[in-house]
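One structure below.
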Amino acid sequence: MMPKLSHYDTKGRVRMVDVTAKAATSRRAVAHAFVRMKSATVASLRRLKSPKGNPLEIARIAGITAAKRTSELIPLCHPIALTHVDVSAKLCQNGIEITSEATATGPTGVEMEALVAAAVAALTIYDMCKALERGMEVTELYLEKKSGGRSGTYVRAGKRGQK
């Protein structure tokens, strides 16, 4: 049987999924994003010479804040009582690798919260570093893994590219 889109009712109207009858389970999701930049920009960041302060730490806080506000940004996303959110930003040879993790116990998953955290952290890196380089690219935004809920565990196949 082919999976169907869950945000549509039987008449094809957009709807918020009803999770009333779903059991509350422990749920966890990890997402990834990458901000590609020139080696000179990476070198400036290694010396912490950004005009606006430490972009890695500010991006981390922005990602955490964004995860908590996901339902305000994504129209049909349920508000979730998150029990933990963490974001890390690591300097690499050609950019910054971002990993976010969200956890909650409830009737619906935390994939969107993890993805929003990674995306906003990446956009914050761009904002913080645009004085150094306008040509940066936010790439590789994806769900790495998730656990919990009726659909069980998902782990993304394949390895990331060399950073």
Side-chain angles (χ1 to χ4, degrees), residues 3 5-7 26-106 108-149 151-163:
L5 295 172
S6 58
H7 285 89
S26 178
R27 295 157 186 270
R28 177 179 176 263
V30 177
H32 172 273
F34 191 75
V35 183
R36 190 167 315 284
M37 58 186 63
K38 294 177 182 175
S39 59
T41 306
V42 173
S44 289
L45 293 175
R46 288 194 194 284
R47 293 187 306 273
L48 285 177
K49 300 233 180 197
S50 171
K52 294 185 176 184
N54 183 347
L56 302 179
E57 186 61 15
I58 294 167
R60 192 178 78 75
I61 298 303
I64 291 168
T65 302
K68 297 187 314 184
R69 301 188 75 166
T70 298
S71 66
E72 295 173 33
L73 299 168
I74 309 296
L76 300 176
C77 219
H78 293 86
I80 294 177
L82 293 168
T83 56
H84 179 73
V85 177
D86 195 17
V87 176
S88 67
K90 179 178 89 173
L91 278 171
C92 300
Q93 180 180 343
N94 61 344
I96 299 174
E97 182 176 37
I98 297 163
T99 303
S100 64
E101 178 182 338
T103 59
T105 299
T108 189
V110 291
E111 297 93 339
M112 292 308 300
E113 286 71 14
L115 285 162
V116 166
V120 169
L123 291 170
T124 300
I125 294 289
Y126 184 93
D127 180 52
M128 296 291 295
C129 299
K130 67 186 177 202
L132 300 172
E133 178 186 347
R134 298 260 179 202
M136 292 174 289
E137 297 177 355
V138 175
T139 65
E140 300 180 31
L141 175 63
Y142 56 80
L143 182 67
E144 280 190 7
K145 56 187 161 185
K146 76 95 177 169
S147 62
S151 65
T153 300
Y154 163 83
V155 177
R156 186 174 195 269
K159 294 185 179 183
R160 290 183 230 147
Q162 182 66 19
K163 306 289 186 262

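- By the 4.5 Å heavy-atom criterion applied to side chains, Val87 and Ile61 are not counted as neighbours.
- Formation of a donor-acceptor pair under 3.5 Å by the Tyr126 side chain with backbone atoms of Arg134 is found in this model.
- Atoms OG1 and CZ, from Thr105 and Arg28 in turn, are 13.0 Å apart once rounded to the nearest 0.5 Å.
- Remark: Leu91 CG to Leu56 CG distance equals 5.0 Å, nearest 0.5 Å.
- In this structure, Arg60 CZ and Asp86 CG are separated by 6.0 Å, a value rounded to the nearest 0.5 Å.
- Here the closest non-hydrogen pair linking Leu143 and Leu115 is N-CD2, 3.7 Å.
- Scanning all heavy atoms of the two residues, the minimum distance from Ala31 to Ala118 falls at CB-CB, 4.2 Å.
- Side-chain contact annotation: Lys146 with Ser151, donor-acceptor N/O pair under 3.5 Å present.
- You'll find the side chain of Gln93 stays beyond 4.5 Å of the side chain of Val42, heavy atoms only.
- For the pair Pro55 and Met128, the tightest heavy-atom approach, listed with the atom from each and the gap, is CB-CB, 3.5 Å.
- For the side-chain hydrogen bond (donor to acceptor under 3.5 Å, both in side chains) test, no residue two or more places apart in sequence or in another chain qualifies with Glu137.
- Nearest heavy-atom pair across Thr124 and Ala62 is OG1-CB, 3.3 Å.
- Side-chain atoms of His32 come within 3.5 Å of backbone N or O of Glu140 as a donor-acceptor pair.
- Under the 4.5 Å side-chain criterion, counting only non-hydrogen atoms from C-beta, Glu113 is not in contact with Val85.
- With contacts defined as side-chain heavy-atom distances shorter than 4.5 Å, the pair Met37/Ile125 qualifies.
- Proximity of His78 to Met112: side-chain heavy atoms (C-beta onward) are nowhere separated by under 4.5 Å.
- Side chain of Arg36 to main chain of Asn94: no donor-acceptor pair is present (N/O by atom type, distance under 3.5 Å, no hydrogens or angles).
- Note: Ile96 CD1 to Leu45 CG = 5.0 Å, rounded to the nearest 0.5 Å.
- Looking at every heavy atom in both residues, Ala33 comes nearest to Ala122 through CB-CB, 4.1 Å.
- To the nearest 0.5 angstrom, Leu132 atom CG is 5.5 Å from Thr41 atom OG1.
- Closest approach of Ser100 to Ala117, counting heavy atoms only: CB-CB, 3.8 Å.
- Residues Leu82 and Thr70 form no side-chain contact, since every pair of their non-hydrogen atoms from C-beta on lies 4.5 Å or further apart.
- The main-chain N or O of Thr103 is found under 3.5 Å from a side-chain atom of Thr83 such that the two form a donor-acceptor pair.
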